[in-house]
Each structure stands twice: as structure tokens, then as C-alpha cells.
Amino acid sequence: MATSVNGFSKLTKEQKITWLATHHFKDKEAGIEILKQYWNSDSKLQRLHDEFIENTVSNFYLPLGIAPNFLINGTYHTIPMAIEESSVVAAAGNAAKYWQKRGGFKAEILGTEKIGQVHFLYPGCSDKLKEFFKEVKPKLLEATLQITENMRKRNGGISSITLRDKTSDLPHYYQLHCTFQTQDAMGANFINSCLETIAKTFESELKNSDLLDSQDKELQIVMSILSNYVPNCRVRASVSCKIEELNGDKNMAPMDFAQKFVRAVEIANIEPHRAVTHNKGIMNGIDAVVLATGNDFRAIEAGAHAYAAKDGSYKSLSKATIQGDVFTFSLEIPLALGTVGGLTNLHPLVKLSLEILNHPSAEELMQIVATAGLAQNFAAIRSLITEGIQKGHMKMHLLNILNHLGATPEQKAYFTSYFKNKTISHKEVIAQFNTLKEKEDAQVPK
């Protein structure tokens, strides 16, 4: 039973586990054994993982899969994907194989601008504040020179600072809206450090300014923080071919396939209930690569969904068109990624994933990640408009069901063959498994 505890963070790892087992595990010894089964036998490596977050008691494993054959801008890529959902890696790989024969994927960077904001309340005269900002802006940049020095050497740094009047939305509310170039770093710590320095300098200079009367020097800095909505840090991935080349489905003519595919995307563009699931499929591919490369998939998700709703209603992130005899399918999405800093320099599997990707720059990784999302979306829509999503998904899910039933390797092989050309359902797998068990038990000598 859950209970309050004081000083939990000060307990040793073993003490934390003992407390957890005492208050939450029905079988204390079994629970502790499971936690320790997932510890790495290399104590140094385990200590590294323990220090990624706070109050660590074990490691939580996700499968790391590989999707090969991605032809992007004329170069082949093997893409690592960390995800728990059945059929995602297989679908991405199938889409990559499908499009490598039709010219492959194209990807291009549309921008790399990151955003951070200083949020503050100012009840004084708006015109005087604007006049003060013009005077103080050079000092704000000057105050950050030490922080931005290394980034500026790599052609990055602060690209703009503007004052935004938001008083029509919230009384006395203003922003210092700042944009950044962070090169191969995702840049969260860099941006936040700059913003906090800008905020302190702005507040100090305002209080000492000769431009403002005493009644106009009241200011409250509410917070200084980067934004995960980065519409100007964007990438586009696409595939295109003659409609006659869309001949991968025996029971559907290429033109019928193209038209039905376009309709499916149009539905996602006008119907939010469909759009959410449609975009979730895109994020299956994107999140898996983002996670494998040590980037922040929660930030990517938040920014992507905000972008999907930028026009006032939630829409599809991808588009499909038919122009003449050419079919085009594309995805445009904001992606703030990094290939240096954070876990990229610490987590051994992250470093290996980046090596598999041939040590990409942040811009190259943006193109790879967007392509994985487009591939996943193509595979899902293709299944939906042809054989249905469940046939392929349940084939991949079959092993999960059999593992839950405790099937032996021989039984798994039998059912994989048995369901090869049959519709799979959880109920049917259990029924057939019980039937086989009865036959096997009947053959055992008594």
C-alpha cells in the first residue's frame, strides 16, 4: 500500500528497493528479483544508467530494431528504431523496400531556427517600454557573449531578439521572443542559459534606465524558457513516382490505389478523430528513431501536434496528391534534434545508433527521422486501403500472444505456419493453442 515517505532520495539504491518491495509488492522477493534481473552485470555501465535520472531502481528495456534499405537523397541508410509496438519496424522496412525501387525518398531542410522566450508582466507605459527595448537590445546580446562564444564559433548563437506585446491576450503580458541557431546540438541548456541571462539584464537595465519614470520601472519576470514549438525548424520528406509504378498490390489497379490513398489522406486532413490516429502512425516511426538516437521524443511529439493544429483545427501532417500521371506523398514537420550533447555522448546504444547512421549532423538526422515517419505513414495507409491494418499487425502480435500463453519454440513455429494465410484473433489463437495442448497431453504416456 502506498504511503508517505521522507528523504527517499537520500536512501541507497538497495534501501529504495526494499522500501518499494515492502509497500508495493505482493511477493517481495519476486519483485526484487525482477528489478535486479534487468541490472547490467557491468557495474560501471549500470552506474552510468543509474545516474541518468533520479531514484533509479532498475533499467526498463525497449527492443532496438533495425529497418534497412532506406534510400534517402540517393544514399542508403540503415535506421535504428527503439519501440515496443509490434509491426512498426517491419512496416518501416517494407515501405523502404517498396520505395527504393521507385526512386527512394527525398528530404530537405526548410529551416533550423529554435525559439526561446522571456515571459514578463509590465503594467507601465507600452510606448516607453518599446523605446527602452530599442536602447537595451545591444546590451542583452552583449550580456550573453560568454555563453554564446563556442556556439558562435560554429556559426550559431542568438539570431534575433524582439519585444512582443501580448497585453490583448493577458493584461500587462509581454515577451522577449528570441531565436537561435544551435547547429548540431538540440540546444535546450544553451537556450535556457541565454534566456535567463537576458532576463536578468533586461530587469536590471530597466530599473536603472533614465528613459523611464519611477512608476514605469515595475517589472515581474514570470519565467524564461525555450519553446518546443519550432515551426521554423522544419524538414520535408517525400516520395514520388508515375502512377503506373504503384503496382505493388495485386488486387488493386495503380490508379485505384493512388486515388484511394489520396482520399484517405484527405479524410485525415478534415476529420480530427482520424487525424490523431493518422499522425500517431507518423510518430510511431519518428519517435522510434528519436528515442534510439537519444533525443527528446516528448518535445518532438508536442511540437508536431501543435504544428498539426496551426491552422485552427487538428489536421494530417502528411499530404498526397495526383498531378497528371504522377503520385506524390509528403510530410512536413518541425524537428528540433541534436547529435551532440545530452545522452548522445553518454548512452552506449545511442552512440552505436548514431554510428549505424554514419554519424549524421543534426540536419541529416532531421531528414532521416522525417523519412522514417513518412515511411511508417505510407505503410499504414497502404494496409488500411488494401487488406486492412489488422492482418499484418496481428501477425506481428502473434508472438506476443504465444509468449503470454507460455508457448514452446516448437509451438511458436507451428502456429506461425498455421496462421500464415488465416485471420488472426486473440480468441482464435487461444482456442487453437488449447486444442494443440490437449492433443499433446493426450500423446504423453501415463
Side-chain angles (χ1 to χ4, degrees), residues 48-56 59-64 79-85 88 109 111-117 151 156 178-196 223-235 237 279-309 317 331-354 356-357 359-373 376:
L48 176 68
H49 283 264
D50 286 346
E51 293 174 355
F52 284 156
I53 61 169
E54 308 78 25
N55 296 338
T56 306
N59 305 314
F60 189 90
Y61 289 178
L62 285 177
L64 180 66
I79 299 183
M81 306 178 78
I83 192 168
E84 88 298 340
E85 185 173 336
V88 169
I109 300 298
T112 56
E113 184 181 83
K114 314 285 176 63
I115 293 171
Q117 297 167 323
M151 191 66 75
C178 308
T179 60
F180 302 82
Q181 294 292 341
T182 61
Q183 305 311 95
D184 285 336
M186 186 274 171
N189 290 330
F190 169 76
I191 292 172
N192 288 335
S193 294
C194 288
L195 292 172
E196 290 181 2
M223 54 186 166
S224 307
I225 185 69
L226 89 163
S227 173
N228 290 128
Y229 182 46
V230 285
N232 293 329
C233 184
R234 208 164 72 252
V235 58
N279 289 342
K280 185 268 181 185
I282 293 172
M283 302 315 293
N284 275 345
I286 287 177
D287 284 354
V289 188
V290 170
L291 190 57
T293 56
N295 279 275
D296 186 346
F297 70 90
R298 285 92 48 201
I300 297 301
E301 281 272 356
H305 295 306
Y307 190 73
L317 287 165
L331 166 68
E332 196 170 299
I333 189 169
L335 290 175
L337 300 172
T339 56
V340 297
L343 285 186
T344 60
N345 298 326
L346 289 174
H347 198 299
L349 281 177
V350 168
K351 290 194 285 187
L352 208 59
S353 292
L354 290 171
I356 291 169
L357 292 172
H359 302 291
S361 65
E363 291 189 10
E364 289 168 337
L365 183 59
M366 287 171 67
Q367 295 177 74
I368 292 167
V369 170
T371 297
Q376 192 65 34

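Only heavy atoms go into these numbers, but all of them, side chains included; no hydrogens, no water, no symmetry mates. For clarity, every value in this text was computed on a predicted model and none was experimentally measured.
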Atom pairs and distances, donor-acceptor, side-chain atoms in residues 341-348, under 3.5 Å, two or more places apart:
| from | atom 1 | to | atom 2 | distance (Å) |
| --- | --- | --- | --- | --- |
| Thr344 | OG1 | Gly341 | N | 3.1 |
| Thr344 | OG1 | Gly341 | O | 2.4 |
| His347 | ND1 | Leu349 | N | 3.1 |

Item checked: Atom of Thr339, atom of Pro360 and distance for their closest heavy-atom approach -> CG2-O, 3.2 Å
Notebook entry, point to check: Which value, rounded to the nearest 0.5 Å, describes the distance between Leu354 atom CG and Leu365 atom CG?
Noted result: 7.0 Å
Please output the side-chain donor-acceptor pairs of residues 281-294 that fall under 3.5 Å, not counting sequence neighbours, one pair per line with the distance.
| from | atom 1 | to | atom 2 | distance (Å) |
| --- | --- | --- | --- | --- |
| Asn284 | OD1 | Lys280 | NZ | 3.2 |
| Thr293 | OG1 | Val289 | O | 2.8 |
| Thr293 | OG1 | Val290 | O | 3.2 |
| Thr293 | OG1 | Asn295 | ND2 | 3.3 |

Next item on the list: Kindly state each residue pair satisfying side-chain hydrogen bond (donor to acceptor under 3.5 Å, both in side chains) with at least one member in residues 226-235, sequence neighbours excluded.
Entry: Glu113-Asn232, Arg234-Tyr307, Arg234-Glu332
Checklist line | Rounded distance (nearest 0.5 Å) linking atom CZ of Phe297 with atom CD1 of Ile83 | finding: 10.0 Å
Notebook entry, point to check: Please walk me through it: do Thr179 and Lys114 pass side-chain contact (heavy atoms from CB on, under 4.5 Å)?
Noted result: CA-CA 6 Å; Thr179 60; Lys114 314 285 176 63; over 6 Å; no
Next item on the list: Side-chain contact test, heavy atoms from C-beta onward, threshold under 4.5 Å: evaluate it for Leu64 versus Leu352 and give yes or no.
Entry: no
Checklist line | Set of side chain to side chain contact (heavy atoms under 4.5 Å, CB included) partners for Gln117, sequence neighbours left out | finding: Ile115, His119, Gln175, His177
Note to self: Ignoring hydrogens, what is the shortest heavy-atom contact between Gly373 and Leu331? Give both atom names and the distance.
What the structure shows: C-CD2, 4.1 Å
Notebook entry, point to check: Is the shortest heavy-atom distance from the side chain of Ile333 to the side chain of Val235 under 4.5 Å?
Noted result: yes
Checklist line | Pairing residues for Asp50 by the salt bridge (charged side-chain N to carboxylate O under 4.0 Å, His left out) criterion, not counting sequence neighbours | finding: Lys13
Notebook entry, point to check: Is there a side-chain contact between Pro80 and Leu357 (heavy atoms, below 4.5 Å)?
Noted result: yes
Notebook entry, point to check: Checking side-chain contact (heavy atoms from CB on, under 4.5 Å) for the pair Cys233/Met366: CA distance, chi angles, key distance, verdict?
Noted result: CA-CA 9 Å; Cys233 184; Met366 287 171 67; 4.1 Å; yes
Notebook entry, point to check: Mind checking whether Gln367 and Val369 have side chains closer than 4.5 Å, heavy atoms only?
Noted result: no
Next item on the list: Write down the atom of Val88, the atom of Gln376, and the distance for their closest heavy-atom approach.
Entry: O-OE1, 2.9 Å
Check: Taking all non-hydrogen atoms of both residues, which atom of Thr182 and which atom of Ala185 are closest, and how far apart?
Finding: OG1-O, 2.7 Å
Check: Distance from Glu196 atom CD to Ile191 atom CD1, nearest 0.5 Å?
Finding: 12.5 Å
Notebook entry, point to check: Between Met186 and Leu226, does a side-chain contact (heavy atoms from CB on, under 4.5 Å) hold up when you go through it step by step?
Noted result: CA-CA 11 Å; Met186 186 274 171; Leu226 89 163; 4.0 Å; yes
Check: Is there a donor-acceptor pair closer than 3.5 Å between any side-chain N or O of Asn59 and the backbone N or O of Tyr61?
Finding: no
Checklist line | Heavy atoms of other groups near Asn192 CG, more than 12 under 6.0 Å | finding: yes
Check: What distance separates Phe190 CZ from Leu195 CG, expressed to the nearest 0.5 Å?
Finding: 9.5 Å
Checklist line | Listed once per pair and sorted, the salt bridge (charged side-chain N to carboxylate O under 4.0 Å, His left out) pairs that draw on residues 364-373, sequence neighbours left out | finding: none
